Amino acid sequence: MYVNELIPSEACSAFLLAVFGILCFMLVLCLIRLIKGPDAPNRILAINMTCGISIAAIAVLSLILGEPSLLDVALVYGLISFLAVVILSQVYIAVVRREKEDDTFRRTGTPAWGRGKKTDPPKGPSKRRRAEP
(Lines give C-alpha, C1' and ligand atoms only; values in the text may rest on other atoms or scores of the structure.)
Protein backbone atom coordinates (compact mmCIF):
# COMPACT_ATOMS: atom_id res chain seq x y z
CA MET A 1 0.00 0.00 0.00
CA TYR A 2 1.41 3.39 -0.99
CA VAL A 3 1.03 6.59 0.92
CA ASN A 4 -0.68 8.27 -2.05
CA GLU A 5 -3.63 5.89 -1.65
CA LEU A 6 -4.29 7.55 1.70
CA ILE A 7 -4.69 10.97 0.07
CA PRO A 8 -8.19 10.98 -1.47
CA SER A 9 -8.32 14.30 -3.28
CA GLU A 10 -6.39 17.15 -4.85
CA ALA A 11 -7.58 19.44 -2.06
CA CYS A 12 -5.70 17.32 0.43
CA SER A 13 -2.56 17.52 -1.72
CA ALA A 14 -2.90 21.30 -1.86
CA PHE A 15 -3.30 21.35 1.92
CA LEU A 16 -0.13 19.28 2.35
CA LEU A 17 1.76 21.64 0.04
CA ALA A 18 0.58 24.60 2.13
CA VAL A 19 1.69 22.84 5.32
CA PHE A 20 5.05 22.12 3.73
CA GLY A 21 5.44 25.80 2.78
CA ILE A 22 4.59 26.93 6.31
CA LEU A 23 7.10 24.47 7.76
CA CYS A 24 9.79 25.79 5.41
CA PHE A 25 9.02 29.36 6.49
CA MET A 26 9.23 28.34 10.16
CA LEU A 27 12.52 26.60 9.44
CA VAL A 28 13.96 29.83 8.01
CA LEU A 29 12.82 31.74 11.12
CA CYS A 30 14.49 29.18 13.40
CA LEU A 31 17.72 29.38 11.39
CA ILE A 32 17.69 33.17 11.82
CA ARG A 33 17.25 32.73 15.58
CA LEU A 34 20.07 30.18 15.56
CA ILE A 35 22.46 32.65 13.95
CA LYS A 36 21.24 35.76 15.81
CA GLY A 37 20.54 34.17 19.20
CA PRO A 38 21.69 36.24 22.17
CA ASP A 39 23.25 33.37 24.12
CA ALA A 40 24.02 29.67 24.00
CA PRO A 41 20.79 28.32 25.59
CA ASN A 42 18.70 30.14 22.97
CA ARG A 43 20.89 28.71 20.22
CA ILE A 44 20.54 25.19 21.60
CA LEU A 45 16.77 25.63 21.69
CA ALA A 46 16.83 26.92 18.10
CA ILE A 47 18.80 23.82 17.04
CA ASN A 48 16.19 21.62 18.72
CA MET A 49 13.33 23.50 17.02
CA THR A 50 15.09 23.35 13.65
CA CYS A 51 15.48 19.59 13.95
CA GLY A 52 11.84 19.12 14.94
CA ILE A 53 10.56 21.24 12.08
CA SER A 54 12.85 19.40 9.66
CA ILE A 55 11.44 16.06 10.81
CA ALA A 56 7.89 17.30 10.28
CA ALA A 57 8.81 18.65 6.83
CA ILE A 58 10.36 15.32 5.82
CA ALA A 59 7.21 13.50 6.97
CA VAL A 60 4.93 15.84 4.98
CA LEU A 61 7.21 15.53 1.96
CA SER A 62 6.92 11.76 2.29
CA LEU A 63 3.14 12.08 2.06
CA ILE A 64 3.32 14.45 -0.91
CA LEU A 65 5.76 12.33 -2.91
CA GLY A 66 4.37 8.98 -1.86
CA GLU A 67 7.74 7.70 -0.65
CA PRO A 68 7.32 5.78 2.61
CA SER A 69 11.10 5.34 2.88
CA LEU A 70 11.37 9.04 3.76
CA LEU A 71 9.60 8.29 7.03
CA ASP A 72 12.53 6.06 7.98
CA VAL A 73 14.88 8.92 7.19
CA ALA A 74 12.82 11.22 9.43
CA LEU A 75 12.93 8.68 12.25
CA VAL A 76 16.72 8.26 12.08
CA TYR A 77 17.17 12.03 11.80
CA GLY A 78 15.04 12.48 14.92
CA LEU A 79 17.20 10.05 16.90
CA ILE A 80 20.43 11.70 15.78
CA SER A 81 19.13 15.21 16.48
CA PHE A 82 18.02 14.18 19.97
CA LEU A 83 21.51 12.89 20.75
CA ALA A 84 23.09 16.04 19.31
CA VAL A 85 20.98 18.35 21.48
CA VAL A 86 21.72 16.29 24.59
CA ILE A 87 25.47 16.41 23.90
CA LEU A 88 25.40 20.16 23.20
CA SER A 89 23.51 20.75 26.44
CA GLN A 90 26.01 18.70 28.43
CA VAL A 91 28.93 20.60 26.91
CA TYR A 92 27.27 23.93 27.69
CA ILE A 93 26.57 22.89 31.29
CA ALA A 94 30.21 21.82 31.73
CA VAL A 95 31.49 25.16 30.40
CA VAL A 96 29.17 27.13 32.69
CA ARG A 97 30.23 25.13 35.74
CA ARG A 98 33.88 25.61 34.87
CA GLU A 99 33.44 29.35 34.48
CA LYS A 100 31.60 29.62 37.79
CA GLU A 101 34.49 27.90 39.53
CA ASP A 102 37.05 30.08 37.80
CA ASP A 103 37.80 33.21 39.85
CA THR A 104 39.55 35.00 37.02
CA PHE A 105 36.35 34.92 34.99
CA ARG A 106 34.62 36.93 37.69
CA ARG A 107 37.41 39.49 37.72
CA THR A 108 38.12 39.85 34.00
CA GLY A 109 34.87 38.78 32.35
CA THR A 110 36.80 36.77 29.77
CA PRO A 111 35.71 33.12 29.58
CA ALA A 112 38.27 30.45 30.45
CA TRP A 113 38.35 29.09 26.91
CA GLY A 114 39.15 32.57 25.56
CA ARG A 115 42.26 33.18 27.62
CA GLY A 116 45.72 31.93 26.91
CA LYS A 117 47.54 29.89 29.52
CA LYS A 118 49.71 32.51 31.13
CA THR A 119 51.52 31.84 34.34
CA ASP A 120 52.19 34.66 36.71
CA PRO A 121 55.82 35.19 37.70
CA PRO A 122 56.56 33.93 41.19
CA LYS A 123 56.25 36.58 43.87
CA GLY A 124 58.82 37.02 46.56
CA PRO A 125 62.57 36.56 46.63
CA SER A 126 64.19 34.46 43.99
CA LYS A 127 65.49 31.07 45.05
CA ARG A 128 68.47 31.18 42.73
CA ARG A 129 71.89 31.42 44.28
CA ARG A 130 74.05 34.24 43.26
CA ALA A 131 77.46 33.39 42.00
CA GLU A 132 80.11 34.41 44.52
CA PRO A 133 83.16 36.33 43.18
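Just so you know, these numbers use all the heavy atoms, side chains as well, and skip hydrogens, waters and symmetry mates. Everything numeric in this text was worked out from a predicted model, so none of it was measured.
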Nearest 0.5 angstrom please: [X] [atom1] to [Y] [atom2], how far?
{"X": "L75", "Y": "L70", "atom1": "CG", "atom2": "CG", "value": "12.5 Å"}
{"X": "L61", "Y": "L17", "atom1": "CG", "atom2": "CG", "value": "9.5 Å"}
{"X": "L63", "Y": "F20", "atom1": "CG", "atom2": "CZ", "value": "11.5 Å"}
{"X": "L27", "Y": "I22", "atom1": "CG", "atom2": "CD1", "value": "13.5 Å"}
{"X": "I55", "Y": "T50", "atom1": "CD1", "atom2": "OG1", "value": "11.0 Å"}

Min side-chain heavy-atom separation P38-R33 under 4.5 Å: yes

Keeping R43 on the side-chain end and G37 on the backbone end, is there a donor-acceptor pair under 3.5 Å? yes

Quick check: does any side chain N or O of S62 sit under 3.5 Å from a backbone N or O of I58, one acting as donor and the other as acceptor? no

Sequence neighbours left out, cut at 3.5 Å: what donor-acceptor pairs do the side chains of residues 77-95 make with other protein atoms?
residue: S81; atom: OG; partner: Y77; partner atom: O; Å: 3.2
residue: S81; atom: OG; partner: G78; partner atom: O; Å: 3.0
residue: S89; atom: OG; partner: V85; partner atom: O; Å: 2.9

Among the clusters formed by ILVMFWY side chains lying less than 4.5 Å apart, do F25 and V60 turn up in the same one? no

Is there a chain of hydrophobic side chains (I, L, V, M, F, W, Y, each step under 4.5 Å between heavy atoms) that links I47 to L29? no

